Amino acid sequence: MTIREFRIKNQKKALFIGFTLIILMIVVLGIVSKVLLTRMANTMNQFYEHPYIVSNTTQRIKLNLVSMQGDMKDVVAANTIQDLNLAIEHIQQHEEKVLKDFDLLSDRFLGEKHAINACYRLVIQWQAIRAEIIALIRQGEHAQAMVLTKGKETVLLEQLMMNVQTVSDFANHKAKSFQQEFEVAKLEALWINYSFTIFSIIFILLLATRTIRRAMLSEKEQSEKEHLIDQNILLADLDQEGVVLNASNALCRFLGKHKSEIIGQKSYFFDNSKRSSKVNAAILSVLKTGAEWRGEVHYINGEGKSCWAQSTIAPSFDKHYQITSFTNTLISITNKKLAIIDELTSLYNRRGFDAILSREYHNAQRDSSFLNLAILDIDYFKKFNDLYGHPVGDEALRKVSSVFSSTVDDSCYAFRIGGEEFAIVFVDQSVETSKQKLLWIKEQVQSLEIPHKENLVSDFLTISIGMFSLSPTSKVEEGRLYSIADKALYQAKLKRNALVVTTKAPENMSVS
C-alpha cells in the first residue's frame with residue numbers, strides 16, 4: 001500500500017468515525033459527560049498519587065539504610081562468627097530492598113535523574129566500606145574497624161541520608177503542588193460539565209475535523225515517532241552477516257561512537273568482551289534457525305568502561321520466508337551489573353560470586369560436568385598494609401587482580417570476595433587443567449615482585465590457594481563448596497605460597 005492510499009483510507013475511516021461519534025454523543029450526552037469527568041478525576045488522582053509513591057519509597061530506603069547502619073554496629077560488636085554472619089545476612093536483606101527501591105525511584109522520579117544516581121553511587125561506595133570493616137572484624141582488628149565505622153562510614157552515611165532526604169523533599173513538594181492543581185481542576189470540571197451540553201455538538205465536529213487532520217498528517221507523526229525511537233531506544237538493523245545497516249542515536253550514545261563509525265561495520269552483536277567469540281557463535285546458531293535470540297552482551301567502550309545490555313535479536317524474512325536481515329534491540333543494564341562489580345579491582349564482588357557460583361553449580365549438576373572452586377588469599381597482607389600503608393595495599397590488590405583478570409576466559413570467573421581474599425570458578429575443566437592455571441597464577445603474582453619485607457616465605461608478595469574440585473558424580477551440596485575450598489586454603493596458608501587441591505573430603509588434599 002502506498003502512502004497516498006494509506007492516507008485516503010485513513011481519511012475515510014476518520015470521517016466515518018467522526019459522524020458516528022456525533023450521533024452517539026447527542027444520544028448519550030449525559031452518560032459521556034459523566035464518564036469524561038470520572039476519567040478526568042482519575043487522571044488527576046494518578047498525578048496526585050505518583051509523587052507520594054516516590055515519597056513512600058524514599059522513606060522505605062531511609063528505614064532500610066538505618067537498619068543497615070544498626071546491623072553494621074552489630075557487625076562491629078559481634079562476639080561470635082554466628083553473630084557476625086547473622087548481622088551480615090541482615091545487611092544483605094536490607095540492601096536488596098534498598099536497591100529494589102532505587103530501581104522504582106529511577107522509573108518514577110519526576111526530578112533530575114542525577115539525584116537518584118548520586119544516592120545509588122553512595123550505596124555502592126558503602127558496599128566497599130562495609131566489606132573492609134567486615135574483613136577487619138574477621139581478622140580480629142576491632143579497633144581499626146571502629147575507626148573506619150566512626151570515620152569514613154559515618155561521613156558517607158550522613159551524605160547518603162542527606163541526598164535521600166533531598167529526593168524525598170522534592171517528591172513531597174511535587175505532591176503538594178499536584179494536590180493544589182487537583183483542587184483547581186475539580187472546580188474547572190464542574191464548569192465544564194455545565195457547559196458541555198451546549199458545546200457538545202461543536203466539540204464533536206471539531207474532534208472529527210481534528211481526526212481527519214491527524215490522518216492527513218500521519219506521515220509526519222510517523223516521522224516524529226521514528227525520531228523518538230531513534231533518540232531513546234537502543235536499536236540496530238543488521239544484515240545476514242551481522243554488518244550494521246542502521247543504528248539509532250541512542251545506541252550510538254551507549255557505544256560512545258558516531259553513526260559513521262558503526263554503519264557498514266561488523267557489529268559482533270555489540271559484544272567485544274573476552275567471551276565475544278563464544279557469544280557470537282551462540283547467537284548465530286540460534287538466528288540461523290529463524291528463531292529469536294535473547295541474552296546479555298558485554299561491551300567495552302573506547303574509554304575502557306564496561307557497559308552491559310539485555311539484547312533481543314529478531315530475524316526478518318522475505319515473502320519466501322528466507323532471512324533477509326536482523327533487528328537488534330538492546331536495553332542497558334549497566335547500573336544493575338555495577339552492583340556486582342568490586343570498585344577497587346573491577347572483578348566481580350561477593351554478591352556476584354554468590355549468584356554466579358549458584359548458577360554454575362546448578363549447570364554442572366544438570367550437565368554432569370566439573371566445577372572447580374579456588375579461594376586465594378594474599379600472604380601476610382595485614383602486615384603488608386601495616387608496613388607500607390593502605391594506599392600501597394590497594395595498589396597491590398589492583399596488580400594482583402590484574403593477574404586474575406588475565407586468566408579469565410569463557411571457562412572461568414574471577415572474584416574479590418572480601419579484603420585480600422579472592423575466588424576463581426572454573427567451569428567444565430579438569431582438575432589438572434585448573435591446577436596448572438592456578439600454579440601459573442601463583443607464579444605470576446610472585447613475579448610481579450611487589451616488595452614485602454614481612455613475608456616469611458619470600459621477599460615479595462605471594463598468595464596461598466585452596467581449591468575444591470566438584471566432579472560430575474559428587475553429591476556435595478552447594479552450600480558446602482565454599483567451606484571445603486576454604487579448608488583447603490587453610491591448609492595452604494599453613495605453608496604459605498602454596499596450592500592445596502581437594503577432590504573429595506577435606507583430608508584428601510595435595511599440596512603444590
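Given the structure is predicted, the values throughout are model-derived calculations rather than measurements. Residue numbers run from 1 in the order of the sequence given.
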With a 4.0 Å cut-off, would you call [X] and [Y] a salt bridge?
{"X": "Lys493", "Y": "Asp486", "answer": "no"}
{"X": "Arg398", "Y": "Asp394", "answer": "no"}
{"X": "Arg130", "Y": "Glu153", "answer": "no"}

Would you list the pairs meeting ring-ring contact (aromatic ring centres under 6.0 Å, His included) in which at least one residue belongs to [range], sequence neighbours left out?
{"range": "residues 330-377", "answer": "Tyr348-Phe415, Phe353-Phe415"}
{"range": "residues 268-297", "answer": "none"}
{"range": "residues 393-412", "answer": "Phe404-Phe422"}

Problem - Side chain Lys266, main chain Glu241, donor-acceptor under 3.5 Å - result: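 Yes, Lys266 side chain to Glu241 backbone: donor-acceptor pair under 3.5 Å.
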
Handout entry: By ring pair (Phe, Tyr, Trp, His ring centres under 6.0 Å) - contacts of Phe326 (at least two apart)
Key =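 Ring pair (Phe, Tyr, Trp, His ring centres under 6.0 Å) list for Phe326, sorted by chain: empty.
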
Handout entry: Pairs flagged by salt bridge (Lys or Arg N to Asp or Glu O under 4.0 Å) wherever residues 354-367 is involved - sequence neighbours left out
Key =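 Checked against salt bridge (Lys or Arg N to Asp or Glu O under 4.0 Å) - neighbours excluded - the pairs reaching residues 354-367 are Arg350-Asp354.
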
Between [X] and [Y], does any side-chain donor sit less than 3.5 Å from a side-chain acceptor?
{"X": "Asp239", "Y": "Ser325", "answer": "no"}
{"X": "Glu420", "Y": "Gln139", "answer": "yes"}
{"X": "Asn328", "Y": "Ser311", "answer": "yes"}
{"X": "Gln436", "Y": "Glu432", "answer": "yes"}

Exercise for the section: Return the orientation label for the Tyr388 and Phe384 ring planes: parallel under 30°, perpendicular over 60°, tilted otherwise. Expected result: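 Tyr388 and Phe384: tilted rings.
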
Report yes if the side chains of [X] and [Y] come closer than 4.5 Å at any heavy-atom pair, otherwise no.
{"X": "Leu99", "Y": "Val123", "result": "yes"}
{"X": "Val403", "Y": "Gln446", "result": "no"}
{"X": "Glu292", "Y": "Ile313", "result": "no"}
{"X": "Leu344", "Y": "Leu397", "result": "yes"}

Problem - Gln165: partners by side chain to side chain donor-acceptor pair (under 3.5 Å), with sequence neighbours left out - result: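 Gln165 satisfies side chain to side chain donor-acceptor pair (under 3.5 Å) with Lys62, Asp169 once adjacent residues are dropped.
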
Practice task
Taking all heavy atoms of Arg496 and all of Ser464, pick out the closest pair and write down the distance.
Solution key: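 Taking Arg496 first and Ser464 second, the nearest heavy atoms are CA-OG, 3.4 Å.
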
